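Contents: one structure, followed by commentary.
Because only heavy atoms are used, hydrogens play no part in the values below, and waters and symmetry mates are left out as well, while side chains stay in. No experiment lies behind these values; they were computed from the predicted model shown.
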Amino acid sequence: MTSSDRLDATFAALADPTRRAILARLASGEASVMELAEPFEMSQPAISKHLKVLERAGLISRGRDAQRRPRRLEAKRFVEATEWLEKYRRLWAGNFQRLDTLLDQLKLDDLRTKEKKPVGTKN
Amino acid sequence: MPSSEIFNVTIPTDREIVVTRVFNAPRHLVFEAWTNPQYLPLWMLGPDGWTMPVCEMDLRPGGSWHFVWRHSNGQEMEMRGEYREVKPPERVVSSESWGPDWPETLNTVVFSEHAGKTTATVTLLYPSKEARDAALKTGMKQGMALSYDRLENYLSSLSV
């Protein structure tokens, strides 16, 4: 697999909300298929299908316990795939916090304008 | 309200990146803050240390825009594009280019208002899977590592 194919597999795996929820669960520790299926209204085969996609993308692996076959998060692979997205997210988060502040100011200005001029203005 | 309920970054397809954020303000003000060159440089700044000395916006279909950011260490970053669709206070579609080495994206910003709050949805569409991959790789090289203890928070924010 080229690194571009690997990215495709990873992002395809991350595009599904159930699979993201599974990853979120695994971030707090390994879990068996049964434990993973519990919070979802889904059959074990359906969950297994999602797990296969995550496994193929290298985002999870199987633990050593032969009975439970617990799945665990491959954190390194996950971080590698998502650090760009995280950086991007942080960039927007900072921008949006500043925009919140500006909007509070604009709301005040809007209110004052309306008090002075009850007839609708351009804003 | 956890921030993840009002702020999301997702990759719905292999050519798109979608950013969604809810603002506690009516739509016409969010649109104004987003499209008025008097306001944009006050918030669209990126990481600490950057200012936006150039913000030109000819907000009409076919009109061009040009932004320059400057860091206190002298470094500069430039972006240009053209407005394709302008429908105040609902929607702006524009092209965005960071220069010849970057893929040009088509950006769509949609504002919708509910109960005095406004949801802004920004969709970046890359021209091809290859272009997106190139952008991802470049971004990754420059990217900062996410520490493992923050991983759980990040995952739960993604899962909403």
Side-chain angles (χ1 to χ4, degrees), chain A residues 2-29 59 73 75-76 78-111 120-123, chain B residues 3 6-14 17 19 21-26 28-30 32-34 36 39-40 42-48 50 116 118 120 122 124 129-130 132-148 150-160:
Chain A
T2 68
S3 71
S4 170
D5 288 343
R6 250 185 15 185
L7 264 183
D8 279 351
T10 307
F11 283 122
L14 288 170
D16 180 87
T18 304
R19 291 198 285 273
R20 289 199 298 267
I22 290 171
L23 290 172
R25 163 66 186 85
L26 291 175
S28 59
L59 289 165
L73 187 70
K76 212 171 167 177
F78 181 82
V79 170
E80 187 190 309
T82 55
E83 66 184 346
W84 179 85
L85 197 61
E86 170 63 13
K87 191 187 169 203
Y88 192 75
R89 189 185 155 86
R90 266 187 243 168
L91 189 83
W92 280 94
N95 281 346
F96 288 152
Q97 266 164 25
R98 280 186 293 268
L99 179 51
D100 283 335
T101 310
L102 170 65
L103 286 169
D104 284 344
Q105 187 57 50
L106 291 180
K107 273 194 286 187
L108 278 178
D109 293 351
D110 212 30
L111 218 62
T121 57
K122 64 173 177 171
N123 273 340
Chain B
S3 62
I6 54 167
F7 177 36
N8 274 300
V9 180
T10 57
I11 308 179
T13 71
D14 62 3
I17 298 167
V19 180
R21 174 65 142 79
V22 177
F23 297 96
N24 190 18
H28 72 274
L29 289 183
V30 182
E32 186 73 8
W34 213 289
N36 186 331
Y39 297 130
L40 198 72
L42 300 177
W43 65 272
M44 202 177 265
L45 295 172
D48 286 347
W50 290 88
T118 302
V122 184
L124 275 83
K129 184 174 82 65
E130 289 71 26
R132 187 216 58 181
D133 288 349
L136 283 171
K137 271 185 212 152
T138 313
M140 273 183 164
K141 246 181 258 165
Q142 303 166 338
M144 49 186 91
L146 170 68
S147 67
Y148 280 39
R150 293 191 54 234
L151 188 58
E152 190 176 357
N153 281 338
Y154 178 51
L155 280 165
S156 37
S157 74
L158 271 178
S159 66
V160 174

Quiz item: Non-hydrogen atoms of chain B under 4.5 Å away: do they reach the side chain of A:L102, the backbone, both or neither?
Solution: side chain

Quiz item: Is the side chain of A:K107 donor-acceptor paired with the backbone N or O of B:N24 at a distance under 3.5 Å, no angle test?
Solution: yes

Which pair of heavy atoms, one from [X] and one from [Y], lies closest together, and at what distance?
X	Y	value
A:D110	B:H28	OD2-NE2, 3.1 Å
B:R21	A:Q97	NH2-N, 4.1 Å
A:R98	B:L42	CD-O, 3.7 Å

Practice problem: For the pair B:F23 and A:F96, name the ring-plane relationship: parallel under 30°, tilted 30 to 60°, perpendicular over 60°. | Solution: perpendicular

Self-check item: Test side chain to side chain contact (heavy atoms under 4.5 Å, CB included) applied to B:L29 and A:L103, A:D109, A:D104, the passing residue
Solution: A:L103

Self-check item: CH2 on A:W92 to CD1 on B:I17, rounded to 0.5 Å
Solution: 10.5 Å

Self-check item: Interatomic spacing from OH in B:Y39 to CG in A:L99 - rounded to 0.5 Å
Solution: 12.0 Å

Quiz item: Quick one: what part of B:V122 sits under 4.5 Å from any heavy atom of chain A, side chain, backbone, both or neither?
Solution: side chain

